[in-house]
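Everything on this sheet refers to the single structure shown next.
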Amino acid sequence: MEFWEAITRAYEGYASYLWDAITHPLKFPNGFYFLMIVSLVVFGLELAFPWRKKQRKFRKDFWQDAFYMFFNYFLFQLIVFAALTKTTRILFGKLVGTMGLPTDYLLDFSGLPGWLQFVVYFLLYDFVQWSVHVILHRVPFLWEFHKVHHSVREMGFAAHLRFHFMESVVYQIAKFTLLAYIFNFKLTDAFYIYFFATLIGHLNHANLGWDYGPLKYILNNPKMHIWHHAKELPADRPYGMNYAITLSVWDYIFRTNYIPKSGRDIELGFENVENYPTSFWGHVVKPFKRR
Ligand SMILES: [Zn+2]
Ligand SMILES: [Zn+2]
């Protein structure tokens, strides 16, 4: 009953949040218009400063990725976010309670100044993301889900949110349940981080030859992330490289960084990507099929 109530309340909350966002464009933070504005801005940058000049403006899979953006961002990612954060938090509390640990949270940073709490939380959040991404590449059954993201053959900003909905489940559990339990963070902080991560993620996939100069060691960027999508992997990196999501610093710390030359024209995908399903529904069911 407790879970059921938490789920229905979360969905009701989410539905009214989304409706409120759509009908109040000037209310801040506004996830709905944020995604639209960021997408238009980054698309405009691609058109003004294209890296691969011969790539079509509406590249292969542009519209499918645009659909993925809305499907994942609104219909799934935030719904999972709303439902899972509440329910897994309750479940997790019960689980750790049986081990004699506190059920609400473990560490309390509320004594620290606000900006410092935010920085600490952002670093932890992004490190968890980076670790989950490494796991998606290393665990075979998870890689089957992550392949959807890597099935893009021509890169553009909208490929950022091209991924199987199961990825949302994995990431959201790791990020919000674990982190919320361990660090008792504020949900509003999560939203600001989420918006910043969306902007950087769009740029990482955009047709832009940018790396932000010396900031490349801190921020993930298009020149680095294109190598993450390389079809051919170096012999000593069979699980890939450049796992960065928002911050590139983890790849430099753990030596998973790899930019041997300009990746502008490298082939994207994975082994046998030519035979991978191309439809949205094909992507949804593929990981569940027996090999
Ligand atoms: Zn990946
Ligand atoms: Zn990517």
Side-chain angles (χ1 to χ4, degrees), residues 35 38-39 42-43 46 51-52 55 59-62 64-69 71-73 77 126-172 174-175 194 196-211 216 219-234 237-248 250-251 254 256-259 263-273 276 283 286-287:
L35 182 69
V38 164
S39 298
V42 178
F43 188 39
E46 279 190 346
W51 193 19
R52 291 169 293 279
Q55 184 170 303
R59 64 182 166 85
K60 180 177 161 29
D61 288 335
F62 179 94
Q64 186 178 55
D65 290 347
F67 171 74
Y68 262 113
M69 274 198 342
F71 179 83
N72 279 327
Y73 200 84
Q77 200 160 357
D126 195 63
F127 180 63
V128 169
Q129 288 199 127
W130 179 86
S131 313
V132 170
H133 191 190
V134 173
I135 293 167
L136 290 176
H137 278 262
R138 291 193 156 251
V139 178
F141 95 91
L142 292 175
W143 167 239
E144 290 302 316
F145 291 106
H146 189 48
K147 266 179 165 174
V148 173
H149 180 64
H150 283 265
S151 68
V152 67
R153 308 297 309 280
E154 276 183 0
M155 193 57 88
F157 76 94
H160 171 211
L161 295 172
R162 173 194 185 87
F163 54 81
H164 196 284
F165 65 80
M166 281 299 289
E167 278 200 29
S168 297
V169 177
V170 176
Y171 275 109
Q172 305 295 41
K175 286 192 291 197
Y194 201 49
F196 181 62
T198 302
L199 170 66
I200 296 297
H202 267 40
L203 288 166
N204 293 337
H205 293 86
N207 182 16
L208 295 166
W210 294 357
D211 64 6
K216 67 185 173 196
L219 279 180
N220 195 8
N221 54 75
K223 279 184 157 174
M224 183 178 197
H225 193 66
I226 195 99
W227 281 100
H228 179 67
H229 284 266
K231 184 179 177 194
E232 228 173 288
L233 298 175
R237 297 172 188 266
Y239 297 104
M241 55 275 176
N242 300 355
Y243 302 104
I245 308 272
T246 307
L247 298 177
S248 57
W250 313 118
D251 283 318
F254 295 99
T256 47
N257 60 307
Y258 182 82
I259 308 173
R264 191 185 69 181
D265 299 310
I266 56 170
E267 203 182 338
L268 310 179
F270 44 81
E271 207 187 308
N272 214 10
V273 67
Y276 197 73
H283 294 162
K286 181 78 172 80

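Both backbone and side-chain heavy atoms feed into the values below; hydrogens, waters and symmetry mates do not. Whatever order the structure lists them in is the order used to number ligands and atoms, beginning at 1.
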Looking at [X] versus [Y], is the centre-to-centre ring distance below 6.0 Å?
X	Y	result
His283	Tyr276	yes
His137	Tyr239	no
Phe254	Tyr243	no
His146	His164	no
His225	His160	no

Open item on the list: Can you tell me which N/O/S atom of His137 has the shortest distance to the Zn ion (ligand 1)?
Closed with: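 His137's closest N, O or S atom to the Zn ion (ligand 1) is named NE2.
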TODO: Looking only at N, O or S atoms, find the one in His146 nearest to the Zn ion (ligand 1) and name it.
DONE: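 It is NE2 of His146.
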- [ ] Taking the Zn ion (ligand 1) as the vertex, measure the angle between atom NE2 in His133 and atom NE2 in His150; round to 10°.
- [x]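 Seen from the Zn ion (ligand 1), NE2 and NE2 are separated by roughly 170°.
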TODO: Answer yes or no as to whether an N/O/S atom of His205 is found below 2.8 Å from the Zn ion (ligand 2).
DONE: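 Yes, since at least one N, O or S atom of His205 sits under 2.8 Å from the Zn ion (ligand 2).
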TODO: Answer yes or no as to whether an N/O/S atom of His229 is found below 2.8 Å from the Zn ion (ligand 2).
DONE: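 Within the cut-off used here (under 2.8 Å), His229 does place an N, O or S atom near the Zn ion (ligand 2).
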Open item on the list: Any N/O/S atom from His149 (main chain or side chain) under 2.8 Å of the Zn ion (ligand 1)?
Closed with: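 Short answer: no, not a single N, O or S atom is under the cut-off.
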